[in-house]
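I'd like to ask you about the structure that follows.
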2 protein chains.
Amino acid sequence: MPKALIERVARYHQIASRAGESGQSQVSSAELAEYVGVDATMVRKDMAIIGVGGRPKVGYFVGDLLARLNDVLGLSRRNEAIVIGCGGLGSAIARYPGFARYGLKIVGVFDSDFSKVGQLVGEHRVLPMEKCKSVIEVFGVRIAIITAPGSRAQQLCDWLITRGIVGIWNFAPVDLRVPPNVAVRNENLGIGAAQLIYHVNNRTTPTAPAP
Amino acid sequence: MPKALIERVARYHQIASRAGESGQSQVSSAELAEYVGVDATMVRKDMAIIGVGGRPKVGYFVGDLLARLNDVLGLSRRNEAIVIGCGGLGSAIARYPGFARYGLKIVGVFDSDFSKVGQLVGEHRVLPMEKCKSVIEVFGVRIAIITAPGSRAQQLCDWLITRGIVGIWNFAPVDLRVPPNVAVRNENLGIGAAQLIYHVNNRTTPTAPAP
DNA sequence: TTTTGTGAAAATCTTCACAGCG
DNA sequence: CGCTGTGAAGATTTTCACAAAA
């Protein structure tokens with residue numbers, strides 16, 4: 001399974017999802033290609049790989065496509081998550097409304113700072129770390145979103161894994177190391193900034209198309 | 001210039017930067033490879049491309065490496081940025097301490113909601129959108145960080161570009177479209193979530209090494 | 001006649017194997 | 001020796017060209 005494809009599948013999902021909401025019932029490979037920023041041929045190849053068939057002259061049916069994408073991504077099942085650390089980033093994420101579409105449900109927000117415990121963050125009451133273990137067990141939580149300080153993130157991560165967490169979404173400014181059976185996504189804003197700056201400094205000056 | 005390389009260069013910078021701070025004066029390709037998650041050979045290839053030479057038995061000098069990386073990424077010059085929208089995500093980003101290392105300096109925080117104008121977000125006073133134009137001009141701002149609602153993001157983006165912005169870091173849950181001479185980085189938390197969920201559901205179960 | 005589907009070619013990226021140097 | 005440097009081989013990803021279908 002092409003690794004780069006997974007990068008695109010999530011985008012296809014977004015587009016299909018949006019198209020569905022706006023009442024559109026089919027999308028063409030050209031349309032998908034446009035939004036994802038690749039060639040239309042590749043979209044068709046991708047569709048072949050994930051097992052979605054289209055119809056010449058019509059395109060792909062949004063319903064079919066979305067169903068298959070949900071299946072591939074695993075969004076059909078409910079995906080419970082907890083947020084650890086409710087500083088600025090943590091509380092913003094805990095309140096972020098856009099996760100519902102992906103079946104990601106935040107079931108607990110934790111902080112080791114007692115002055116934050118008990119505060120309301122969106123619809124979540126901040127809980128002390130002591131409660132974390134039970135929440136994981138009770139809800140069968142598999143995903144943890146870490147927004148704790150970099151200095152504590154790895155230690156926290158290790159502990160969460162012993163408690164059964166198998167997916168880590170890390171916003172602390174360090175790259176977390178995990179055993180091979182655990183999925184980790186290191187978001188790292190600093191690296192994002194560096195990449196953007198690179199592209200700003202090396203952006204394409206608009207040139208006339210080659211003859 | 002290999003596109004995938006740029007993805008790694010920012011990570012090399014992070015590692016080198018950290019190594020320097022902890023007093024380490026050289027790093028080996030194996031060490032860099034370990035952290036970035038690629039083969040050591042590729043690190044050496046990358047170094048050759050960006051023009052960093054190492055020494056057998058020693059590795060790469062952190063000072064040389066960092067200087068070159070700063071140059072390649074364009075972090076030597078100061079990179080002014082503004083933040084538009086100071087909801088949860090916007091204010092978290094405005095206060096994020098990790099950007100200094102990359103020369104990214106936030107010089108203004110804006111919101112169109114008058115009830116937020118005048119509030120203090122970290123060290124920044126929230127300004128009304130009317131002031132945005134002048135701030136861009138006065139500081140020569142090239143980068144805008146958008147955390148406004150998805151519904152307004154594209155319109156805002158278009159306007160910013162007319163005002164001279166050439167780099168957009170977009171946290172709204174839509175993919176912004178920009179002309180080819182503008183750099184855009186669509187961060188999109190929803191898509192990040194979808195990708196993590198995929199990897200959680202398809203993570204490698206630890207198997208015995210092949211015989 | 002437009003849009004999908006796909007084998008073959010091209011480009012890109014990654015790993016291998018080993019030479020070279022301190 | 002241990003680690004860098006690099007040409008050649010290998011794997012993957014992307015594009016091209018065109019057949020097929022509605």
Side-chain angles (χ1 to χ4, degrees), chain A residues 1-12 15-16 19 24-69 72 180 195 198-199 202 204 209-210, chain B residues 1-12 15-16 19 24-69 72 180 195 198-199 202 204 209-210:
Chain A
M1 168 82 117
K3 196 175 61 173
L5 165 57
I6 297 156
E7 295 275 311
R8 293 191 295 267
V9 166
R11 290 210 133 80
Y12 294 143
I15 299 156
Q24 200 178 331
S25 70
Q26 55 235 197
V27 282
S28 68
S29 59
E31 212 170 332
L32 290 164
E34 160 86 2
Y35 281 100
V36 175
V38 297
D39 193 273
T41 303
M42 186 172 315
V43 173
R44 297 200 288 272
K45 282 266 209 281
D46 287 350
M47 293 303 143
I49 292 169
I50 65 177
V52 173
R55 283 220 207 146
K57 184 94 173 178
V58 174
Y60 302 90
F61 287 104
V62 171
D64 293 1
L65 176 54
L66 210 47
R68 193 73 194 94
L69 289 172
V72 170
Q195 286 184 32
Y198 170 84
H199 288 293
N202 299 279
T204 62
Chain B
M1 169 81 117
K3 196 176 61 174
L5 166 56
I6 297 155
E7 294 275 310
R8 293 192 294 268
V9 166
R11 290 214 131 78
Y12 294 145
I15 299 157
Q24 200 179 330
S25 69
Q26 56 238 199
V27 282
S28 68
S29 59
E31 214 170 331
L32 291 164
E34 161 88 0
Y35 281 99
V36 176
V38 297
D39 193 274
T41 303
M42 184 170 318
V43 173
R44 297 199 288 272
K45 283 267 209 284
D46 287 349
M47 294 302 143
I49 292 169
I50 64 177
V52 173
R55 283 219 207 146
K57 181 92 176 179
V58 173
Y60 302 90
F61 287 105
V62 171
D64 293 0
L65 177 55
L66 211 45
R68 195 72 196 93
L69 290 173
V72 170
Q195 285 183 36
Y198 170 84
H199 288 294
N202 300 279
T204 63

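Being a predicted model, the structure only gives us computed values, none of them experimental. Lettering of chains follows the sequences in order, A, B, ..., and the numbering in each one begins at 1.
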A:Glu7 CD to C:dC13 P: how many Å, rounded?
->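 So the CD-P distance, A:Glu7 to C:dC13, works out to 15 Å.
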
Take atom CE of B:Met47 and atom P of C:dT14, then tell me their distance rounded to the nearest Å.
->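 Those two atoms, CE and P, are 14 Å apart.
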
Could you go through residues 38-50 of chain A and list every donor-acceptor pair under 3.5 Å that involves a side-chain atom there, pairing it with any protein atom two or more places apart or in another chain?
unit_1, atom_1, unit_2, atom_2, d
A:Asp39, OD1, A:Thr41, N, 2.8
A:Asp39, OD1, A:Thr41, OG1, 2.9
A:Arg44, NH1, A:Ser29, OG, 3.1
A:Asp46, OD1, A:Arg8, NH2, 3.0
A:Asp46, OD2, A:Arg8, NE, 2.7
A:Asp46, OD2, A:Arg8, NH2, 3.2
A:Asp46, OD2, A:Tyr12, OH, 2.7

Could you check how far CD of A:Gln26 sits from P of C:dT2, rounded to whole Å?
->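 In whole Å, C:dT2 P and A:Gln26 CD are 17 Å from each other.
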
Hey, does the side chain of A:Ser29 come within less than 4.0 Å of C:dT3's phosphate (OP1/OP2), counting only N and O?
->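 The answer is no; no side-chain N or O of A:Ser29 sits under 4.0 Å from OP1 or OP2.
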
Nearest whole angstrom, please: distance from the C1' of D:dC3 to the CZ of B:Phe61.
->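 Taking atom C1' of D:dC3 as the reference, CZ of B:Phe61 is at 13 Å.
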
Determine, for nucleotides 8-22 of chain D in 5'-to-3' order, which nucleotides have protein heavy atoms under 4.0 Å from the base (write B), from only the sugar-phosphate (write S), or from neither (write -).
-> B----SSBB----B-

Could you tell me whether B:Phe61 atom CZ has more than 12 heavy atoms of other residues or ligands within 6.0 Å of it?
->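 Yes - once you tally the heavy atoms of other residues, nucleotides and ligands closer than 6.0 Å, there are more than 12.
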
Heavy-atom side-chain proximity of B:Ile15 to B:Glu31 below 4.5 angstrom |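 A side-chain contact under 4.5 Å is absent here.
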
Heavy-atom pair of closest approach, residues A:Gln195 and B:Ala10 |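 Minimum heavy-atom separation between A:Gln195 and B:Ala10: CG-CB, 3.9 Å.
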
Separation of atom CG in B:Leu32 from atom C1' in D:dT4, rounded to whole Å |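 B:Leu32 atom CG is separated from D:dT4 atom C1' by 13 Å.
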
Inter-residue atom distance A:Asp64.CG - A:Gln26.CD, 0.5 Å rounding |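 If we round to the nearest 0.5 Å, A:Asp64:CG and A:Gln26:CD are 11.0 Å apart.
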
Would a 4.5 Å heavy-atom cut-off, applied to side chains only, mark A:Leu65 and A:Leu32 as touching?
->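 Heavy-atom side-chain distance check passes, below 4.5 Å.
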
